[in-house]
Enquirer: 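The structure that follows is given in the form of structure tokens.
Remember, it's 1-based here, ligands and their atoms both numbered in the order they're listed.
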Amino acid sequence: MSEASRALVIFGGTGDLAQRMLFPSLYNLDADGLLPRDLLIVGCSRGAMSDEAFGDKVGDWAGARSGDHFTSAKWSALRGRIRHAAIDANAPASFANLKRVLGGIEETLFYLSTSPSHYGAICANLKAAGLAGPKSRVVVEKPIGRDLGSCREINDSLARTFAEGNIFRIDHYLGKEAVQNLLALRFANTLFEPLWNKVSIAQVQITVAETVGVEDRWGYYDEYGAIRDMVQNHLLQLLCLVAMEPPANLDPDSVRNEKVKVLLSLRPVSDVAKKTVRGQYSAGYAEGHTVAGYATEPGGHASDTETFVAIQANIDNWRWAGVPFYLRTGKRLPIRRSEIVIQFREVPHSVFAGNQLLANRLTITLQPEEEIALTLMNKTPDLEQMTLRPLGLNLSLSDTFKKARRRIAYERLLLEALHGKSTLFVRRDEAEAAWRWIDAIVSGWKKQGAPPAAYAAGSWGPSAAIALTERNGHSWNE
Ligand code: BG6
């Protein structure tokens with residue numbers, strides 16, 4: 001390789017995220033010629049390991065995830081730039097190992113893929129070892145805290161070492177192609193903008209449905225639950241992108257200022273009994289077989305943590321006054337599907353007697369496939385009668401761009417962070433505003449004192465979720 005002049009250092013270098021996402025993403029980027037050739041990649045974990053042994057592991061992880069895209073020729077181009085450093089986050093002396101491996105490289109990106117409880121110690125130790133200079137940046141994974149207070153503590157501990165402009169809070173949803181495309185749909189077309197408000201839109205639904213259970217993360221998940229694991233970050237980010245005003249440009253602050261305004265306009269949820277639903281899956285049928293309930297998953301026990309949440313959010317501003325935004329996410333739901341549904345208003349008066357007119361609906365599917373569909377009322381061919389039915393104008397992005405490989409969201413985000421571009425990362429005030437809104441809901445639940453309602457694995461959550469929308473004369477898109 002050419003002499004390394006910059007480095008990406010991954011703390012938690014043998015952890016789950018590193019194995020499943022980070023190293024496969026780095027391999028993919030390098031295989032496509034997108035990773036700087038002078039980039040050294042250092043994985044940090046506690047035990048000592050040779051660079052060769054660590055390189056073998058990385059090769060296995062990348063190979064397992066990248067399938068046909070993985071070739072030994074491409075892998076060998078990256079392998080020589082991978083190093084290992086034995087680091088104990090809480091042992092300042094161990095940072096000398098990292099210093100040795102970096103050998104004076106100043107342009108560094110530190111990726112903290114560890115429990116947030118280590119963030120403070122890692123940053124302090126990097127600073128004490130003289131490794132966090134003006135050319136250093138840090139990427140941190142969620143969860144940034146469990147509530148506003150703990151989020152602030154984490155942010156303060158990051159700020160003692162890094163300037164805010166050098167802190168990259170990752171939300172992998174912002175790296176998804178379809179989420180990016182939402183910006184294009186809204187701001188590269190004139191068609192929707194005049195309609196994108198309370199005059200034409202009756203309600204918005206944001207659903208992130210998963211078929212998986214908590215997998216092997218029971219201990220982690222039980223501390224957070226669906227509201228902290230998914231709503232505080234991924235769902236609120238999607239809501240911001242749907243609801244925000246057009247930014248002046250795509251500069252980090254232009255976009256993030258607009259998102260913060262949305263978060264600050266969210267009406268605090270005061271009536272959790274009416275505006276929210278909490279659920280926890282019980283045994284049922286999912287992914288083609290019978291599955292255990294949450295409490296009896298490996299490592300589990302009886303618990304009041306929710307695995308399903310539905311919320312009616314309201315944005316108190318001129319554009320969205322009176323338009324409910326329904327947010328819904330859960331594990332062990334019938335299908336894996338993330339979508340945003342923009343439900344337009346009904347025609348003010350129908351001239352088509354005998355026909356039921358369905359209001360137009362724009363559905364933006366983020367996964368499993370990326371699709372944009374607009375339903376319109378159409379006439380069915382017939383000489384005698386005027387019979388109408390809804391038909392879809394469908395745009396399938398995977399069919400249109402057949403040759404484009406579906407990228408891991410982390411590929412984009414790693415690249416952006418390496419180039420110091422922070423538009424797709426969460427700013428401090430944004431994370432804190434999101435927690436403020438979530439905290440009010442959680443404290444409402446505490447006061448209410450009711451456990452989450454049980455729902456059978458493989459169903460769409462507790463029946464109260466249906467009532468949540470029906471109360472306003474709406475229904476979920478299923
Ligand atoms: C993570 C959550 O942030 O997002 C997981 O911690 C969840 O619980 C995952 O499964 C969903 O991500 P994706 O990209 O599969 O929709």
Side-chain angles (χ1 to χ4, degrees), residues 12 15-22 24-25 28 65 111-116 139-146 151 168-182 206-239 241 278-281 286-287 291 294 297-300 303 305-309 327-340 364-371 397-398 405-414 424-426 431 434-435 438 452 457 461:
D16 182 60
L17 188 79
Q19 295 188 25
R20 286 189 305 115
M21 301 289 176
L22 304 181
S25 297
N28 288 341
R65 175 80 204 242
Y111 196 120
L112 311 193
S113 170
T114 64
S115 153
V139 180
V140 285
E141 270 292 334
K142 66 170 254 282
I144 313 280
R146 283 191 88 245
C151 173
F168 290 65
R169 294 176 193 81
I170 215 163
D171 182 314
H172 79 277
Y173 266 56
L174 294 180
K176 290 184 189 273
E177 192 63 37
V179 176
Q180 293 290 293
N181 203 25
L182 182 58
I206 300 176
T207 295
V208 177
E210 298 186 275
T211 49
V212 291
V214 283
E215 301 175 291
D216 50 1
R217 303 155 75 220
W218 205 94
Y220 154 79
Y221 192 87
D222 199 56
E223 239 191 275
Y224 291 88
I227 195 159
R228 297 183 173 97
D229 183 50
M230 297 293 287
V231 182
Q232 189 272 344
N233 35 76
H234 307 326
L235 276 88
L236 284 185
Q237 284 295 326
L238 295 178
L239 175 137
L241 296 177
R278 293 175 82 208
Q280 186 188 89
Y281 63 84
E287 298 180 302
V291 294
Y294 175 72
E297 291 276 22
S303 151
T305 297
E306 77 285 345
T307 59
F308 174 96
V309 188
L327 310 178
R328 173 175 64 160
T329 185
K331 302 231 179 248
R332 289 287 188 226
L333 299 187
I335 48 171
R336 175 170 182 255
R337 190 170 166 85
S338 301
E339 67 177 17
I340 298 166
I364 303 158
T365 308
L366 312 175
Q367 48 195 31
E369 297 305 330
E370 293 166 27
E371 281 163 1
L397 298 165
S398 30
R405 184 174 56 79
R406 190 100 185 253
R407 290 189 177 276
I408 305 173
Y410 283 90
E411 292 181 40
R412 180 193 314 278
L413 296 174
L414 279 165
L424 301 181
F425 295 84
V426 179
W435 274 122
I438 295 291

Enquirer: Under a plain distance cut-off of 3.5 Å, with no hydrogens placed, do Glu411 and Asn28 share a side-chain donor-acceptor pair?
Expert: yes

Enquirer: Test: salt bridge (charged side-chain N to carboxylate O under 4.0 Å, His left out). Region: residues 329-340. Which pairs qualify, not counting sequence neighbours?
Expert: Glu210-Lys331, Glu287-Arg332, Arg337-Glu339

Enquirer: Hey, can you tell me if His234 and Tyr173 have their rings parallel, tilted or perpendicular (30° and 60° cut-offs)?
Expert: parallel

Enquirer: Is a salt bridge present between Arg228 and Glu223, judged by a nitrogen-to-oxygen distance below 4.0 Å?
Expert: no

Enquirer: Do Leu366 and Leu238 have side chains that get closer than 4.5 Å, going by heavy atoms?
Expert: yes

Enquirer: Looking only at side chains, do Gln367 and Lys176 share a donor and an acceptor under 3.5 Å apart?
Expert: yes

Enquirer: Enumerate, one pair per line, all nitrogen or oxygen atoms of ligand 1 lying under 3.5 Å from a protein nitrogen or oxygen, stating the separation to 0.1 Å; write 'none' if no such pair exists.
Expert:
from, atom 1, to, atom 2, distance (Å)
ligand 1, 3 (O), Lys142, NZ, 2.7
ligand 1, 3 (O), His234, NE2, 2.7
ligand 1, 4 (O), His234, NE2, 3.4
ligand 1, 6 (O), Lys142, NZ, 3.0
ligand 1, 6 (O), Arg217, NH2, 2.8
ligand 1, 6 (O), Asp229, OD1, 2.6
ligand 1, 6 (O), Asp229, OD2, 3.3
ligand 1, 8 (O), Arg217, NH1, 2.9
ligand 1, 8 (O), Asp229, OD2, 2.6
ligand 1, 8 (O), Lys331, NZ, 2.8
ligand 1, 10 (O), Glu210, OE1, 3.4
ligand 1, 10 (O), Glu210, OE2, 2.5
ligand 1, 10 (O), Lys331, NZ, 3.1
ligand 1, 12 (O), His172, NE2, 3.2
ligand 1, 14 (O), His172, NE2, 2.8
ligand 1, 14 (O), Lys176, NZ, 2.6
ligand 1, 16 (O), Tyr173, OH, 2.5
ligand 1, 16 (O), Gln367, NE2, 2.6

